[in-house]
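Letters go in sequence order (proteins before strands), and every chain restarts at 1. Since this is a predicted model, take the numbers as computed values, not measurements.
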Amino acid sequence: MTSHPLLAKLNTAQREAVSLPIGPAQIMAGPGSGKTRVLTHRIAWLVQEMDVARNRILAVTFTNKAAGEMRQRALELLESQDQDGPGFEWRRPMAIGTFHSICARILRVEYEQTPYERNWVIVDADDQKSVIKEILASRAASNDNEFAVLADISRAKDRGLTASEFAAQASSVLDVRLAPIYADYEKVLRANNALDFDDLLMHALRLFRGNQDVLDRYRARWPHILVDEFQDTNGTQYELVKLLAAYPDSLQSLFVVGDEDQSIYAFRGANRRNLARLRRDFPSLRTVVLEENYRSTQQILDVANSLIQHNRGRTHKELFTGNPDGQQVVLVDAAGGDSEADWIARSTASLLNDGAFGHEDIAVMYRTHALSRALEEAFLNHRIAYRLIGAVRFYDRAEIKDALAFLRFLVNPLDALSLARIINKPARGIGAKTLARLIECRDQWGLSISDALTVACRGPEAVAHMAPDAWERHPSPFTGRALRSLQVFESLTAEWRERLYTEDLTIDAGLFLADVLESSGYRARLVASGEQDEHRLENLDELVGLASEFEPESDAEELALNPVELFLEHVSLISAADERDDDEPKITLMTLHNAKGLEYPVVYIPGVDEDLLPHFRARDTGDREDIEEERRLLYVGITRAERLLFLTRADQRFVSGRTMRYRESRFLNEIDPGLLIRETWPQWRAVGQGSSLGGRQADAYRVRPSRHDWSSIEANPGPTAAAPARSQFKAGMNVRHRIFGSGKVIGSKLLADGDEEVTVAFRQHGLKTVLNSIAGLEPA
DNA sequence: CAGGCGACTGTTTTT
DNA sequence: CAGTCGCCTG
Ligand SMILES: Nc1ncnc2c1ncn2[C@@H]1O[C@H](COP(=O)(O)OP(=O)(O)OP(=O)(O)O)[C@@H](O)[C@H]1O
């Protein structure tokens, strides 16, 4: 093959994939084999070698962050190659995003062909949950689990069924039971002009199916489609791809990459068999297999191979690499969750002190967020900076959601869910009763919630489209205090909307938000409540800053949305994995799900215990598929590691208020024992000491984590012998912690070894219990 | 209607 | 443990 510069840094199979002729293609390959890299190069190849205009390309990634990175790399590839492109049209951006963000964009533009009004909003999981809860309560079905109901509705939507279509085909007892609940749910969301995540996909698909001209336009717009992580597409996503790529006379320029062994989102409808389905739907599909792994050492790959071969019904693959040999994979058997975390922190500290690895090289990946707690404490004790992905997201915080709810309601006058959230913040005497009456008015008067509010406050002439007899049938129920409270709020919203649509396209979303927070009294309430809410104010300030700085994608003009509307859309679609990296060096803590597609030189996977991984919920169903998905999850985690991999487990952990005992995961038994080095921690545990001693006591033992050379530097001097024998801290004292900053002592306990356990309410970090010897608290 | 307190319960993973 | 619910009081 004559070598094109774009192909220079690819192996033979990768080159073949990148330079395939236009037509349906599927790249099937194991982890670390360069799938994402191939996809990115393919984009550049299409533009450069196939003369495809950039804006004729649609590329789908799994997260927004991955989309950003892919765009960046593709542009770099193109820039380094062609200096002077053929002109403006060629330079228009390619569409790269997640299925959800692409569908949102389409529905935003084409809203007239959908059941929604302009300025529809996306509801988050909390809103979904509260809607379902209310519905279940109203149907005396409160003991139904709202998560299960939502999952069932989600499944219905993945089949493309609206509530009435679902009801029409329901035959099983469960479906018949679900149908009216789904109907109510759909009704509430529509009444609020709101879509959930599944609606974004389903309504995009329905839009295409129901409007040939719209479909034709998008087919013409994106003749070239590329999809990353295809093994985790769901039914609707598959149909969307098929609809856009396969039609008479289409180029069928579809390029997907995936790995059935890395499918880990079945719980939300993903179907790894979509890879095989493609072969049936596109008979001329070319398949390229990439075999060589560029990420990991053979030691790590051997462990991965050894594990995944226990899954049935998969195409056998044997991962191999030409990378240099590395360390054996280590399995640590810890006494408890605390000592497990402590081991990880010590090991991390050693690696960092050695200088062989930096913070950004190291990640910890666990099955559930609950495991992060013990780890956080251990890292704090060892003064190792960490970044937590996805646990309490910035955009999930109460004050952030409140602030956004103000904006949402102003943008979407039908949004009663957001109104309910903020109408009484700060407290202005509008309680549940008043709100319920207002919603009743909305329904009786046939108005938006916003207009209903206006009519209630200023009478029926205040809005344009009120049915003539509606007021007589249902006069306003508000009088006295409730009415005055509503009027105050109504005039505020009127002023805000006035400003919003006067400045409109020129508005600064951040300044506007700041104004709303100020004039609503929301900010003042937080200021008044003092220290404990200081961090909330900081968060709000940050949000204001983010809103001001936010720059929509360059093709946003076609939407004709103002900056507030664009910002709302952006934050609704942002995900855990997208959170901004700050520049400080920190190690990363995240779930195995969030680790998909990433790679780190050093990976720790704690909690490799039966009932955690595989999780007991997966075991409970007794479904082999569920266990296999758990196995894939561990497989994904293992294959993130480039050079060092540590699996750890613990005999017992403190979970939801009590100590639970654990056995090691069945997955550990499946891995060839010759591939793992086993260690015990604390080491003395093996010689007869009870394992009931927690990690805190273990701190006293200055045992090194292992015999490997990279652990030779002691990171933590451990508790000092000079700890005072008398309590130094009393409740009410102000103290200062090197990491947590200032706080107030809540309580303190003197320990047998003379050390002191102090509970402090930190201003920034909340309540923590620290050991004086380690924390080095100073009176402040 | 606001806010506090005690009882109770229990997401595994997320766009 | 920690978030949520409902009851109680002011
Ligand atoms: N031909 C190559 N030469 C050198 N490095 C390569 C080559 N191909 C891929 N790599 C590197 O291997 C690593 C894995 O690549 P990439 O992330 O594209 O793999 P992947 O198959 O998408 O992985 P996964 O499925 O695990 O997410 C990256 O660091 C990439 O730069």
Can you identify which nucleotide, out of [options], has its nearest atom closest to the [X] side chain?
{"X": "A:T98", "options": "C:dC1, B:dT15, B:dG3", "answer": "B:dT15"}
{"X": "A:T591", "options": "C:dT4, B:dT13, B:dC1", "answer": "B:dT13"}
{"X": "A:S656", "options": "B:dG3, B:dT14, B:dG10", "answer": "B:dG10"}
{"X": "A:N594", "options": "B:dT14, B:dA2, C:dC1", "answer": "B:dT14"}
{"X": "A:K433", "options": "B:dT12, B:dC1, B:dT14", "answer": "B:dC1"}
{"X": "A:H593", "options": "B:dA2, C:dC1, B:dT14", "answer": "B:dT14"}
{"X": "A:R373", "options": "C:dA2, B:dT15, B:dT13", "answer": "C:dA2"}
{"X": "A:N424", "options": "C:dC1, B:dA2, B:dT13", "answer": "B:dA2"}

- Task: For A:A482 and for A:H100, locate the closest nucleotide of DNA chain B by heavy-atom distance; then report the residue assigned to the nucleotide nearer the 5' terminus.
- Result: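 Taking each residue's closest nucleotide, the earlier one in sequence belongs to A:A482.
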- Task: Report the residue (A:F147 or A:L435) whose heavy-atom-nearest nucleotide on DNA chain B is the more 5′ of the two.
- Result: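 Nearer the 5' end of the strand: A:L435.
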Integer-rounded Å distance: [N] [atom2] and [X] [atom1]:
{"X": "A:F230", "N": "B:dT15", "atom1": "CZ", "atom2": "C1'", "answer": "16 Å"}
{"X": "A:L371", "N": "B:dT13", "atom1": "CG", "atom2": "P", "answer": "10 Å"}
{"X": "A:I423", "N": "B:dA2", "atom1": "CD1", "atom2": "C1'", "answer": "16 Å"}
{"X": "A:E146", "N": "C:dC5", "atom1": "CD", "atom2": "C1'", "answer": "12 Å"}
{"X": "A:D126", "N": "C:dT4", "atom1": "CG", "atom2": "C1'", "answer": "12 Å"}
{"X": "A:F62", "N": "B:dT13", "atom1": "CZ", "atom2": "P", "answer": "15 Å"}
{"X": "A:L573", "N": "B:dT14", "atom1": "CG", "atom2": "C1'", "answer": "13 Å"}
{"X": "A:K157", "N": "B:dT14", "atom1": "NZ", "atom2": "C1'", "answer": "16 Å"}

Just call it for A:Y265: base, sugar-phosphate, or nothing, with non-hydrogen atoms closer than 4.0 Å on any strand.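 The answer is sugar-phosphate, as A:Y265 gets under 4.0 Å only of primed atoms, P, OP1 or OP2.
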Quiz item: What nucleic acid atoms does A:T434 come within less than 4.0 Å of, heavy atoms only: base, sugar-phosphate, or nothing?
Solution: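 Sugar-phosphate contact only.
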Please tell me if [X] has a side-chain N or O lying less than 4.0 Å from either OP1 or OP2 of [N].
{"X": "A:R617", "N": "B:dT11", "answer": "yes"}
{"X": "A:H369", "N": "B:dT14", "answer": "yes"}
{"X": "A:K133", "N": "C:dC5", "answer": "yes"}

query = When A:V636 is tested against each of A:D259, A:I264, A:D261 for side-chain contact (heavy atoms from CB on, under 4.5 Å), which residue passes?
reply =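 Among A:D259, A:I264, A:D261, the one meeting side-chain contact (heavy atoms from CB on, under 4.5 Å) with A:V636 is A:I264.
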Original post:
Donor-acceptor pair, A:Q262 side chain versus A:Q231 backbone, under 3.5 Å?
Top reply: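 A pair under 3.5 Å: no.
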ask   = Using 30° and 60° as the class limits, which term best fits the ring planes of A:Y218 and A:F208: parallel, tilted or perpendicular?
value =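 A:Y218 vs A:F208 ring planes: tilted.
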Worksheet item: What interatomic distance, in whole Å, is found between P of B:dT13 and the corresponding atom of C:dT4?
Response: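 The same atom, P, in both gives a distance of 15 Å.
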Q: Identify the heavy atoms of A:Y395 and A:V571 that sit nearest to each other, and give their distance.
A: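 Smallest heavy-atom distance, with atoms named: CE2-CG1, 3.3 Å.
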* Is the aromatic ring of A:F267 within stacking range of B:dT13, meaning centres under 5.5 angstrom and planes under 30 degrees? ->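 It does: the two rings, one from A:F267 and one from B:dT13, meet the stacking criterion.
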### Query
For the side chain of A:R367 and the base of B:dT13, is some donor closer than 3.5 Å to an acceptor across the two?
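In this structure, the two groups form a donor-acceptor pair.
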Does a salt bridge link A:R617 with A:E630, judged by any charged N lying under 4.0 Å from a carboxylate O?
->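 No.
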- Got A:K157 and A:I153 here, is their nearest side-chain heavy-atom distance under 4.5 Å?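 In contact.
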